[in-house]
*Asks:* 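Sharing a structure here in structure tokens format.
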Number of protein chains: 2
Amino acid sequence: MARHDKSATPLGFAAHDHTACQSRALATADQLCAARRVQFTPVRRRVLEILLESHEALGAYDVLARLNAEGLGSKPPVAYRALAFLVDQGFVHRIERLNAFIACADPSHDHSPAFMICRACGTVAEAHAQMPLGDSAARSGFQIEQTVIEAEGLCPDCQEVRTP
Amino acid sequence: MARHDKSATPLGFAAHDHTACQSRALATADQLCAARRVQFTPVRRRVLEILLESHEALGAYDVLARLNAEGLGSKPPVAYRALAFLVDQGFVHRIERLNAFIACADPSHDHSPAFMICRACGTVAEAHAQMPLGDSAARSGFQIEQTVIEAEGLCPDCQEVRTP
DNA sequence: ATTGATATGTTATAACATAACAACCCTATG
DNA sequence: CATAGGGTTGTTATGTTATAACATATCAAT
Ligand SMILES: [Zn+2]
Ligand SMILES: [Zn+2]
Ligand SMILES: [Zn+2]
Ligand SMILES: [Zn+2]
């Protein structure tokens with residue numbers, strides 16, 4: 001899916017030990033599911049594993065194709081239900097701009113995510129952001145429940161090549 | 001479409017002279033199209049008028065239904081092309097969260113919009129926001145081209161009623 | 001008249017998402 | 001034990017959003 005392959009998948013566009021990313025996220029998910037008394041079933045776990053393979057966002061049908069290839073389900077609701085569970089539990093975030101899903105970079109604590117999306121290679125980095133609408137909301141009396149923050153642009157690697 | 005009708009359509013959730021909103025936006029669009037030597041055709045103008053009827057976001061197919069009823073086009077590309085033109089010109093913004101479109105509150109100058117979306121009545125207010133990812137981007141070397149900022153919650157009017 | 005640029009009309013399909021119901025698998029609780 | 005309930009998965013069908021591709025129309029410049 002990336003137009004720009006890299007040996008080390010980047011987190012925040014920086015090379016890192018991605019195996020650690022994956023195992024840490026899975027371990028956290030295991031712990032949280034146990035603590036919350038919710039079932040981390042094979043389909044749910046496998047979907048999270050699939051999303052953890054890279055720091056790119058996958059569409060629900062991409063995930064479904066993977067599940068299908070592994071005999072874990074072939075119909076859209078299977079993928080959408082697993083994704084909904086993972087989003088509910090905070091293990092996965094939905095990227096509105098892409099109609100796609102990405103594993104959370106740090107599921108161990110609740111947070112409101114923000115993303116930087118490289119339009120060239122598809123890498124998505126999760127970041128922290130201040131509430132950008134706090135002032136406007138306070139002035140108008142709007143009660144914010146959730147804020148989508150998604151920046152699109154070029155990651156450091158992709159700025160080097162010609163992308164007009 | 002609103003679950004909560006109001007006599008005066010709000011801008012920024014405050015009552016205002018909406019007729020002025022509409023005529024100002026249309027006049028600005030006229031001027032800018034002339035200045036830019038682009039064609040403000042009947043379909044394009046009508047789509048903008050339709051979006052200017054309220055401060056709610058309309059889906060492309062909602063717009064299309066209106067066009068169809070008026071004999072201005074019945075196939076999806078007609079609506080999508082007009083919307084793409086209006087978005088390109090900055091007269092309309094796309095709300096990613098809703099897969100829908102809304103007329104710009106101030107098309108007279110280029111800006112990066114932010115929105116507050118009431119989940120109860122569907123009203124969308126356009127606001128200004130600081131770049132919430134400037135720090136993260138600077139640190140990681142990410143080059144931001146565009147940022148989606150969409151807050152969802154309850155507008156002042158809708159906080160009064162029970163919405164659990 | 002011919003060409004080129006821009007816009008619209010139309011067909012068909014791709015891509016994303018959910019409603020609704022049936023079946024399965026646990027684990028209480030009687 | 002059975003059997004009822006909650007949660008999960010399987011499946012069908014459909015709804016919703018979006019675009020590719022090609023045909024036609026319009027108008028201005030050569
Ligand atoms: Zn990683
Ligand atoms: Zn996260
Ligand atoms: Zn108004
Ligand atoms: Zn605007």
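None of these values were measured; they are calculated from a predicted model. First the proteins, then the strands, lettered A, B, ... as listed; each starts at 1.
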*Asks:* Could you give the side-chain donor-acceptor pairs of residues 73-82 of chain B under 3.5 Å, partners two or more places apart or in another chain?
*Replies:*
none

*Asks:* So, does B/His55 use its side chain to make a donor-acceptor pair with the main chain of B/Ala103 at under 3.5 Å?
*Replies:* no
*Asks:* Tell me every residue that passes side-chain hydrogen bond (donor to acceptor under 3.5 Å, both in side chains) with B/Glu96, counting only those two or more places apart in sequence or in another chain.
*Replies:* B/Arg94
*Asks:* Could you pull out all residues at least two apart from B/Gln146 that satisfy side-chain hydrogen bond (donor to acceptor under 3.5 Å, both in side chains)?
*Replies:*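 Scan of B/Gln146 (side-chain hydrogen bond (donor to acceptor under 3.5 Å, both in side chains), adjacent residues dropped) gives A/Arg97.
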*Asks:* Please enumerate all residues that pass side-chain hydrogen bond (donor to acceptor under 3.5 Å, both in side chains) together with A/Arg36, with sequence neighbours excluded.
*Replies:* A/Gln89
*Asks:* How would you list all residue pairs meeting salt bridge (charged side-chain N to carboxylate O under 4.0 Å, His left out) that involve residues 25-34 of chain A, not counting sequence neighbours?
*Replies:*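 Passing the test, one end in residues 25-34 of chain A: A/Asp30-A/Arg45.
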*Asks:* To the nearest Å, give me how far apart CZ (A/Arg37) and P (C/dC26) are.
*Replies:* 19 Å
*Asks:* Where the side chain of A/Asn68 meets the backbone of A/Ala65, is there a donor-acceptor pair that is under 3.5 Å apart?
*Replies:* no
*Asks:* Has B/Glu150 got a side-chain atom pairing as donor or acceptor with A/Val148's backbone, closer than 3.5 angstrom?
*Replies:*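 No, because the side chain of B/Glu150 does not come within donor-acceptor range (under 3.5 Å) of the backbone of A/Val148.
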*Asks:* Among residues 93-100 of chain A, which residues get a heavy atom nearer than 4.0 Å to DNA chain C?
*Replies:*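 The answer is A/Arg94, A/Asn99.
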*Asks:* Measure the distance from CG on B/Leu58 to C1' on D/dA18 and round it to the nearest whole Å.
*Replies:* 17 Å
*Asks:* Based on the rotation axes of five pairs at each end, what angle does the helix from C/dA1-D/dT30 to C/dG30-D/dC1 bend through, to 10°?
*Replies:* 0°
*Asks:* Verify, without hydrogens or angle tests, whether A/Gln159 (side chain) and B/Gly141 (backbone) share a donor-acceptor contact under 3.5 angstrom.
*Replies:* yes
*Asks:* Treat primed atoms plus P, OP1 and OP2 as sugar-phosphate and everything else as base, then score nucleotides 19-30 of chain D 5' to 3': B for base contact with protein heavy atoms under 4.0 Å, S for sugar-phosphate contact only, - for none.
*Replies:* BBB---------
*Asks:* Please tabulate, one pair per line, all N/O donor-acceptor pairs under 3.5 Å involving side-chain atoms of residues 130-138 of chain B, not counting sequence neighbours.
*Replies:*
{"from": "B/Ser136", "atom 1": "OG", "to": "A/His128", "atom 2": "O", "distance (Å)": "3.4"}

*Asks:* Check whether any side-chain N or O of B/Arg44 sits under 3.5 Å from a backbone N or O of B/Gln39 as a donor-acceptor pair, and report yes or no.
*Replies:*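 Judged by distance alone, yes, a pair lies under 3.5 Å.
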*Asks:* Output the rounded distance in Å from NZ (A/Lys75) to P (D/dT14).
*Replies:* 14 Å
*Asks:* What residues from residues 40-48 of chain B pass a heavy-atom cutoff of under 4.0 Å to DNA chain D?
*Replies:*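 Contacts with DNA chain D under 4.0 Å: none.
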*Asks:* What is the separation between atom CG on B/Leu72 and atom C1' on C/dT8, rounded to the nearest whole Å?
*Replies:*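 Nearest whole value for this atom pair: 11 Å.
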*Asks:* Applying side-chain hydrogen bond (donor to acceptor under 3.5 Å, both in side chains) as the test, list every pair that has at least one member in residues 103-114 of chain B; sequence neighbours left out.
*Replies:* B/His93-B/His111, B/Asp106-B/Ser108, B/Asp106-B/His109, B/His111-B/Glu126
*Asks:* Strictly by ring-ring contact (aromatic ring centres under 6.0 Å, His included), give each pair with a member in residues 130-158 of chain A just once, sequence neighbours left out.
*Replies:*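 Passing the test, one end in residues 130-158 of chain A: A/Phe142-B/Phe13.
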*Asks:* What is the distance, to the nearest angstrom, from the CD atom on A/Gln39 to the P atom on C/dC25?
*Replies:*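 About 13 Å, once rounded to whole Å.
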